[in-house]
Amino acid sequence: MERRLTTILSIDVVGYSRLMEGDEAATLSALKAHRSHLIDPAAEAFGGKTIKLMGDGALMEFASAVAAVSFAVTVQRDMPGRNADVQEDGRILFRIGINIGDVIAEDGDILGDGVNVAARLEGLAEPGGICIHRSVRDQVRDKLDLNFEDLGEIEVKNIVRPVRVFRVILDETAEAFVPAALVSPKRSPKTRRLQMLVGVGCLMFAVFAVWSWQHWVPRKANVDPEVLAHPMPANPSIVILPFENRSDDPQIGYLAEGFSTAITTQLSKFPQLFVIADSTATTFADTPVRPRDIGRELGVRYVLSGSVHKSSDMLSLNAALVEAETEHTAWSDLYEFSAPDVFATQADIVQEITSTLEIEIEKEEIAALRKRPTDVSEAYQLFLRAVAKSKLLNTASRQEAIELLKQAIGLDPEYLAAHIELSGRYLSLWRFGGVDDPEKVLANARRHLSLALELNQTDYRVQHRLGQVHLFADHDHQLAYSAYQRALQSNPNDPEVLYDMGFLRSLMGEPAEALDWNNKAKRVNPRYPGWYNFNAALSHLFLKDYEQALLLAKAGTSTYPKSLPPRRILVATFAEMGRLEEAQDEAKKLLEIRPDFRISTHRNTPFLHQADEDRYFDAMEAGGLPK
């Protein structure tokens, strides 16, 4: 939390609801055009920073009152020309209020009376007008060639003392102040032709400078390697933070989480990008961390954040892509859409990001982005709830996820993602126990995998699940290896595929290579779950690096006290080291957790080579686990 004195600007669309009701598509299109061609370039030119976007406006911060007023006048003087060919009832007009005040900066937002006063001043402005606090007038009156009208002391809502308000008079003096090319030619007097030419030249230079800042500086920001927790990848690198739910509706919370997950998944498929895993990004939810700190911890150059808000039957989404080290906004946008357009909006955001980062994508990839995973909104909501349950990693939550996924498939039998997820949940129940009929559960896992293969066998998630079934159920290591390879060709950034490839290579008798894959998984998932160390511990055991195996396995038992894999590794490691008493202590703890555990029915380490299985199983037996 930081307290500071700053210049706050509030800008709002007049009659936004009326405009949306009259012609929603035209209104949104015009707003995007005004923002991309006028507001954003002007903000860049005058050093403005957008704090947050609302459906009908924005809150901005400027380093000085002069910059804020210069921006406001530039926008308001250009709007009549931009509205010249628009019917009067469809014209977009802005109101702007500016204040200098004390604010509290927290989690990328600014709060306090200084912000409230700016909002009240904006409400006092007439359509197309600007109202400013006396403190702003005092700062600019001797610096800017503008005229002001004193509106006197005005009482405003939720502010204890009356506010002294001034109106910026948008007369010929103000028109002369605006860079000439930003003034509609119809309003420019002939006597100012020379001034216009000079202005055009200045504007061209400014536009070039802004373009250079947006398209060059973020790529070249020098980051001291000493401040990075991980080396910066050569390719553009990004983390997609969880989108914030700005409504009280929990269903919007699932939708917001689904947005960030879907964007992460889509971007991770591009080999030209390095994408941090969703499970690491999720750990930054509801945490006030600056983009620079996130970038340095994760070793990435870009941070995408966003929020979702529900208004009536429409959804509003704000998204911003920030160059982490400079904290410069490389791209941002506001999307208004209905629930059926969720997937199209996700695709729009992905395309904007790839375009901003200059990633070329093929027509087939664009078509794949645009393909809807399901046409049934309720099925998608059920899927999102099931995924949230699955993340809890226990038998009860897996069972709940299964029921939700079955409902989703009942609504849409061709819902690919739901079949993949349901197959995975059944496979987890079979692998980790807790069910009365394990063979029936495995049969269900195979059935939904088969349905997923029929729907789309090229999807990397299908190939990943196929590899898991080949490994754990069929004990066919080569087929599993081929499936994982196909998955990684389609998505080189997925941490679970990378981790599973490492585990597979360990079971195939390649522990050193397994550690390489494990480290790759940890790199894209820096805040990785503790069970990533289980595979690493097993690999170190087979390399006879016993101390490292013990270190990682003990870390696993500390994080997951009731998890069996790290305790099995501890038993086997202590036994091979000849420390049988410690091995037996760990065996006792394991049997307290799972009294029915038997080495002969253990399904989670299907070794390729009999010698490796004998070595591991004999060590567990020697350590005190029942055969």
Side-chain angles (χ1 to χ4, degrees), residues 107-108 214-243 260-261 263-306 319-332 349-350 353-354 356-359 488 491-502 513-533 535-536 548 552 555 559:
D107 195 18
Q214 290 179 325
H215 294 274
W216 181 71
V217 172
R219 308 288 200 284
K220 300 295 184 181
N222 292 320
V223 186
D224 183 358
E226 294 297 322
V227 305
L228 295 174
H230 302 276
M232 188 74 72
N235 289 346
S237 47
I238 185 172
V239 58
I240 295 86
L241 299 181
F243 279 29
S260 52
T261 299
I263 292 169
T264 298
T265 300
Q266 294 293 349
L267 289 175
S268 67
K269 295 178 183 179
F270 299 117
Q272 311 97 309
L273 278 174
F274 177 85
V275 184
I276 291 293
D278 180 63
S279 55
T280 282
T282 301
T283 64
F284 290 95
D286 304 320
T287 304
V289 184
R290 292 180 61 177
R292 178 182 293 121
D293 295 333
I294 294 173
R296 289 178 175 182
E297 178 183 336
L298 303 182
V300 295
R301 193 170 296 280
Y302 296 97
V303 177
L304 179 75
S305 60
L321 181 68
V322 174
E323 200 282 329
E325 189 63 23
T326 64
E327 298 190 333
H328 164 75
T329 300
W331 165 83
S332 63
I349 293 172
V350 171
I353 293 170
T354 55
T356 302
L357 302 185
E358 298 179 358
I359 302 299
L488 288 169
N491 187 337
N493 289 293
D494 189 282
E496 305 315 311
V497 185
L498 292 166
Y499 173 83
D500 279 356
M501 178 65 95
E513 183 187 338
L515 288 172
D516 289 340
W517 286 108
N518 193 261
N519 289 333
K520 289 178 181 179
K522 290 179 177 180
R523 179 61 190 93
V524 297
N525 198 5
R527 292 186 173 185
Y528 55 86
W531 45 267
Y532 273 32
N533 285 328
N535 172 31
Q548 191 65 20
L552 293 171
T559 307

Please report the closest heavy-atom contact between Asn493 and Phe274, naming both atoms and the distance.
-> OD1-CA, 3.8 Å
Partner set under ring pair (Phe, Tyr, Trp, His ring centres under 6.0 Å) for Tyr499, not counting sequence neighbours = Trp531, Tyr532
About how many Å separate CD1 of Ile240 and CD1 of Ile263, when rounded to the nearest 0.5 Å?
-> 7.0 Å
Just jot down the side chain to side chain donor-acceptor pair (under 3.5 Å) partners of Glu327, sequence neighbours excluded, or say none.
-> Arg290
To the nearest 0.5 Å, tell me how far Arg301 CZ sits from Asn235 CG.
-> 11.0 Å
Close side-chain approach of Leu357 and Leu321, heavy atoms under 4.5 Å = yes
Roughly how far, to the nearest 0.5 Å, is the CG atom of Asp516 from the CE atom of Met501?
-> 12.5 Å
Could I get the full list of side-chain contact (heavy atoms from CB on, under 4.5 Å) partners for Pro526, not counting sequence neighbours?
-> His230, Ile276, Thr280, Leu298, Arg523
Option passing side-chain contact (heavy atoms from CB on, under 4.5 Å) with Leu241 (candidates Ile294, Leu304, Val322) = Ile294
Mind checking what makes side chain to side chain donor-acceptor pair (under 3.5 Å) contact with Thr264, not counting sequence neighbours?
-> none
Contacts of Ser279 meeting side chain to side chain donor-acceptor pair (under 3.5 Å) (sequence neighbours excluded), chain-then-number -> Asn525
Which residues satisfy the salt bridge (Lys or Arg N to Asp or Glu O under 4.0 Å) test with Glu513, sequence neighbours excluded?
-> Arg505
Non-hydrogen atoms of Ile359 and Pro236 that approach each other most closely | CD1-CG, 4.1 Å
side-chain contact (heavy atoms from CB on, under 4.5 Å) with Gln548: which residues, sequence neighbours excluded?
-> His540, Asp545, Leu551, Leu552
Least distance between heavy atoms, Ser260 atom then Pro242 atom | OG-CA, 3.7 Å
Would Glu297 and Asp293 satisfy side-chain contact (heavy atoms from CB on, under 4.5 Å), going step by step from the backbone distance to the final call?
-> CA-CA 6 Å; Glu297 178 183 336; Asp293 295 333; over 6 Å; no
So do Ile238 and Ile353 actually touch side chain to side chain, heavy atoms under 4.5 Å?
-> yes
State the NZ-CG distance between Lys520 and Leu488, to the nearest 0.5 angstrom.
-> 8.5 Å
What pairs meet the salt bridge (charged side-chain N to carboxylate O under 4.0 Å, His left out) rule with one or both residues in residues 263-272, with sequence neighbours excluded?
-> none
Listed partners of Ser332 passing side chain to side chain donor-acceptor pair (under 3.5 Å), at least two apart | Arg35
Correct closest heavy-atom pair for Gly299 and Met232 would be O-SD, 3.5 Å
Is the side chain of Arg292 donor-acceptor paired with the backbone N or O of Glu325 at a distance under 3.5 Å, no angle test?
-> yes
To the nearest 0.5 Å, tell me how far Thr354 OG1 sits from Gln266 CD.
-> 11.0 Å
Which heavy atom in Ala521 sits nearest to a heavy atom in Pro495, and how many Å separate them?
-> CB-O, 3.6 Å
What pairs of residues pass the salt bridge (charged side-chain N to carboxylate O under 4.0 Å, His left out) test when at least one of them lies in residues 274-285, not counting sequence neighbours?
-> Asp278-Lys391
What are the two closest heavy atoms between Pro271 and Pro492, and how far apart are they?
-> CA-CG, 4.0 Å
